[in-house]
Amino acid sequence: MRTFRAPRGTRDLLPGEAARFLRFAEIARGLTDRYGYRPIETPLFEQAAVFERGIGEVTDVVEKELFRIVPRTEDGESWALRPEPTAGIARAYVQHGLRTWPQPVRLTTTGPMFRYDRPQAGRYRQFWQFDVEAIGDAGPAIDAEIIELGLRFYAEVGVKGAEVLLNSIGDPACRPAYLDALVAYYRDHAASLPPTERDRLERNPLRLLDSKDPAMAAINAAAPRIVDHLCQACAEHLAGLRAHLDALGVGYRLEPGLVRGLDYYTRTAIEFYVAGREGQQQALGGGGRYDGLIELLGGQPTPGIGFGLGLDRVALVLDEQAEGDPSGAEADAAGGPPDAPDAVVVSADPADTVGRLRTATELRAAGLRARADLGHRKLGRQLESAGRDGAHFAVILGDELTDGQVQLRDLKAGSQRLVGVADLPRELKRGTSQHRHGTRDSS
RNA sequence: GUGGCCUUAGCUCAACCGGCAGAGCAUUGGAUUGUGGAUCCAAAGGUUAUGGGUUCGACCCCCAUAGGCCACCCCA
């Protein structure tokens, strides 16, 4: 029979990897909770127009990467899986009148996003993002808060050397004039532009700035920089943000070529990365200010800022960084110790599944992580498998049961002793709590 | 969406010039009927990614498709 496989660009997160993503989400939750960001869950799909209007018709994300859903019945609607969370959250903000809440509304969500582009390492058609949004505050102090939060996440999750790129891409007051100047500049150099770059000049001139084509380096270096063309308000915003970051002691790098791929961004543009990495998936996360988005989706004019951090790329970077040092902190994610049971209940009598199941049930009721070996293998095999699972203890059911006792074997130490069945939970708790504190301190 | 490289057991990899597809790890079972974590033995696991073609004969050569990776495009 023909077998199935996960769709192209998607993958299964098996227990070790799934536990790791769960850990990322838990760190994100703890962090955002401390900062006062509250969880929000919006649908994984929306009317396609939410993205088309919010993100922009001529962006790559909408033009060629939107994961469209063909409905079963023709009801005139067109749907799409979310390529990023901001547009959906903005839609929810408008729909539920969150402008009547105390501003800004601080929101966070973590979940899968979908983009139909060509897969590569660190780039998937279904990928995970930790997302943070602050809606209703024009900044720039809130911009600084968000950036600091993002860097804090990388630190807590264990990524070393995460840094942030910063730029301002202006607003409707100053960007048009800048774009005119930019286009004029490149028109003067049109003869020396590669074909793909010439195409960009018509479609998305800002993109020219961060071209990777070496031939463009010289031309780009002399190109007009948007930071020199900002209107008064945008310039003050950027200066204010920098002052706040400095005051917080948050380092950043100004990157005049930093441009965002989505139309809704204004002023602050940010991108997180780790310096010195090989390969192309350099962006670990990105975001920025979107002061026009809420209005685009039919709400009152409302400022906002947010970012999304790619969890698949966090995992990628952690793997890269773990290769160098053999401390193996991340090796845990491969599936051993973290989810190892406190005890496995085994039996001298291979037929006695009832006794094992009952004992394990009692231990669980007492709050222990206990697994019964429910096979019909002989004792030696049961112990072997318990040891491989990383269990701390084995509870051995045997003839001693007639005296109300079992053998409690410490699989780590290799020692064992007789324990009364009634005392089992207490003895196990004593033995395992010590053990847990020990491993936590070392990590 | 464009170009290049790759695909043999669950995993990592062998198989000469085209001549009957193998190993390690993992899994399962056994080794004088109650004791594991580097003991020994064995089993199971493959339409060599899929579909065609060339050939007496194809894992090996050719074509197409799928998937992965790399570089673009772009981004997380």
Side-chain angles (χ1 to χ4, degrees), chain A residues 1-11 14 55 59-65 82-86 110-131 150 194-197 199-200 203-204 207 210-213 258-262 270-273 278-287 307-317 334 336 344 346-352 373 375-401 406-416:
Chain A
M1 161 153 160
R2 214 169 113 235
T3 56
F4 297 100
R5 52 191 308 166
R8 182 172 200 196
T10 72
R11 64 210 169 117
L14 299 180
I55 295 171
T59 56
D60 274 23
V61 167
V62 166
E63 240 175 15
K64 52 181 235 194
E65 296 171 7
R82 62 182 188 187
E84 52 85 50
T86 309
T110 296
M113 308 297 155
F114 306 85
R115 291 187 199 175
Y116 195 81
D117 56 357
R118 191 136 162 193
Q120 221 168 300
R123 170 189 295 172
Y124 302 97
R125 288 182 173 180
Q126 174 175 342
F127 58 99
W128 287 70
Q129 270 192 3
F130 159 45
D131 179 77
T196 59
E197 305 298 332
D199 183 52
R200 283 170 149 178
R203 295 168 46 82
N204 200 344
R207 284 263 151 244
D210 64 352
S211 167
K212 293 187 191 75
D213 193 327
L258 178 62
V259 169
R260 300 272 79 206
L262 316 182
I270 57 188
E271 185 165 308
F272 297 98
Y273 72 106
E278 300 291 320
Q280 286 308 301
Q281 272 66 53
Q282 293 290 336
L284 297 192
F307 64 64
L309 307 190
L311 299 184
D312 307 84
R313 292 190 181 172
V314 166
L316 192 68
V317 169
V344 172
V346 302
S347 175
D349 174 6
D352 180 26
D373 189 317
H376 293 79
R377 300 179 296 183
K378 61 186 212 172
L379 183 57
R381 289 288 180 182
Q382 297 177 51
L383 285 168
E384 185 182 359
S385 127
R388 266 198 308 252
D389 278 6
H392 192 168
F393 291 98
V395 174
I396 305 172
L397 274 36
D399 294 338
E400 306 85 354
L401 270 176
V406 297
Q407 292 281 3
L408 180 58
R409 181 170 183 82
D410 186 328
L411 294 168
K412 309 259 180 219
S415 59
Q416 107 183 13

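Order of the sequence lines fixes the chain letters, A, B, ..., with proteins taken first and strands second; residue numbering starts at 1 for each chain. Computed from a prediction, not measured in an experiment: that's the story for all the values here.
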Quick one: list whatever passes side-chain hydrogen bond (donor to acceptor under 3.5 Å, both in side chains) with A:Arg8, sequence neighbours left out. none
Tell me, for nucleotides 31-46 of chain B in 5' to 3' order, what letter each nucleotide earns: B for a base near a protein heavy atom under 4.0 Å, S for only sugar-phosphate near one, - for neither? S--BBBB---------
Say you pick atom C1' in B:G19 and the same atom in B:U55; how far apart are they, in whole Å? 12 Å
Sugar-phosphate, base or nothing in reach of A:Tyr124, heavy atoms under 4.0 Å: base
Can you tell which of B:G68, B:A71, B:C69 lies closest to the side chain of A:Arg8? B:G68
Between B:A23 and B:G37, how far apart are the P atoms? Round to whole Å, please. 24 Å
Between CZ of A:Phe307 and P of B:C75 the distance, given in whole Å, is 19 Å
Spacing of A:Arg118 atom CZ relative to B:C72 atom C1', expressed in whole Å: 10 Å
How far does CG of A:Leu401 sit from CD of A:Gln407, to the nearest 0.5 angstrom? 10.5 Å
Take atom C1' in B:A14 and the same atom in B:U7, then report the distance between them in whole Å. 16 Å
Which nucleotide in the list B:A76, B:C69, B:A71 gets nearest to the side chain of A:Ala121? B:C69
Starting from the C-alpha separation in whole Å, work towards a yes-or-no answer on salt bridge (charged side-chain N to carboxylate O under 4.0 Å, His left out) for A:Arg82 and A:Asp131. CA-CA 13 Å; A:Arg82 62 182 188 187; A:Asp131 179 77; over 6 Å; no
Distance check, C1' atoms only: B:A64 and B:C11, in whole angstrom units. 30 Å
Any donor-acceptor pair under 3.5 Å linking the side chain of A:Asp312 with the backbone of A:Gly122? no
Integer angstrom distance from the C1' of B:U28 to that of B:G10: 14 Å
Would you measure the distance from the C1' atom in B:G18 across to the matching atom in B:C75 and give it in whole Å? 46 Å
Stem list for RNA chain B, please, built from Watson-Crick and G-U wobble pairs under 3.5 Å and keeping only runs of at least 3. B:1-7 with B:66-72, B:10-13 with B:22-25, B:27-31 with B:39-43, B:49-53 with B:61-65
Looking at side-chain heavy atoms only, is the closest gap between A:Leu411 and A:Val344 below 4.5 Å? no
For the pair made of CG in A:Asp312 and P in B:G68, what is the distance, rounded to whole Å? 14 Å
Nearest-Å distance for atom pair CD/P, residues A:Glu65 and B:A76: 9 Å
Rounded to whole Å, the CZ-P distance (A:Arg82 to B:A76) equals 15 Å
Nearest whole Å is fine: how far is B:G3 C1' from A:Gln120 CD? 12 Å
Counting C-beta onward and ignoring hydrogens, is there a side-chain heavy-atom pair between A:Phe127 and A:Arg313 closer than 4.5 Å? no
In whole Å, what separates the C1' atom of B:U48 from that of B:C41? 29 Å
A:Arg377 near the nucleic acid: base, sugar-phosphate alone, or nothing, with a heavy-atom cut-off under 4.0 Å? sugar-phosphate
For A:Val346 and A:Leu379, run side chain to side chain contact (heavy atoms under 4.5 Å, CB included): C-alpha distance rounded to whole Å, both residues' side-chain angles, the deciding distance at 0.1 Å, then the answer. CA-CA 7 Å; A:Val346 302; A:Leu379 183 57; 3.7 Å; yes
Taking the side chain as every heavy atom from C-beta outward, state whether A:Leu408 and A:Gln416 have any pair of such atoms under 4.5 Å apart. no
When rounded to whole Å, the CZ to P distance for the pair A:Arg123 and B:C70 reads 10 Å
Considering only atom C1', compute the distance from B:G51 to B:U12 and round it to an integer number of Å. 29 Å
Identify whether any heavy atom of A:Gly9 sits under 4.0 Å from a base atom; if not, whether one sits that close to sugar-phosphate; answer base, sugar-phosphate or nothing. sugar-phosphate
Taking C-beta and beyond as the side chain, do A:Pro7 and A:Arg125 meet within less than 4.5 Å on heavy atoms? no
Nearest-Å distance for atom pair CD/C1', residues A:Glu84 and B:A76: 11 Å
Between A:Pro119 and A:Tyr116, the residue closer to the 5' end of RNA chain B by nearest nucleotide is A:Tyr116
Gap separating the CD1 atom of A:Ile396 from the OG atom of A:Ser347, nearest 0.5 angstrom: 10.0 Å
Is it true that a side-chain atom of A:Arg11 and a backbone atom of A:Ala6 form a donor plus acceptor pair closer than 3.5 Å? no
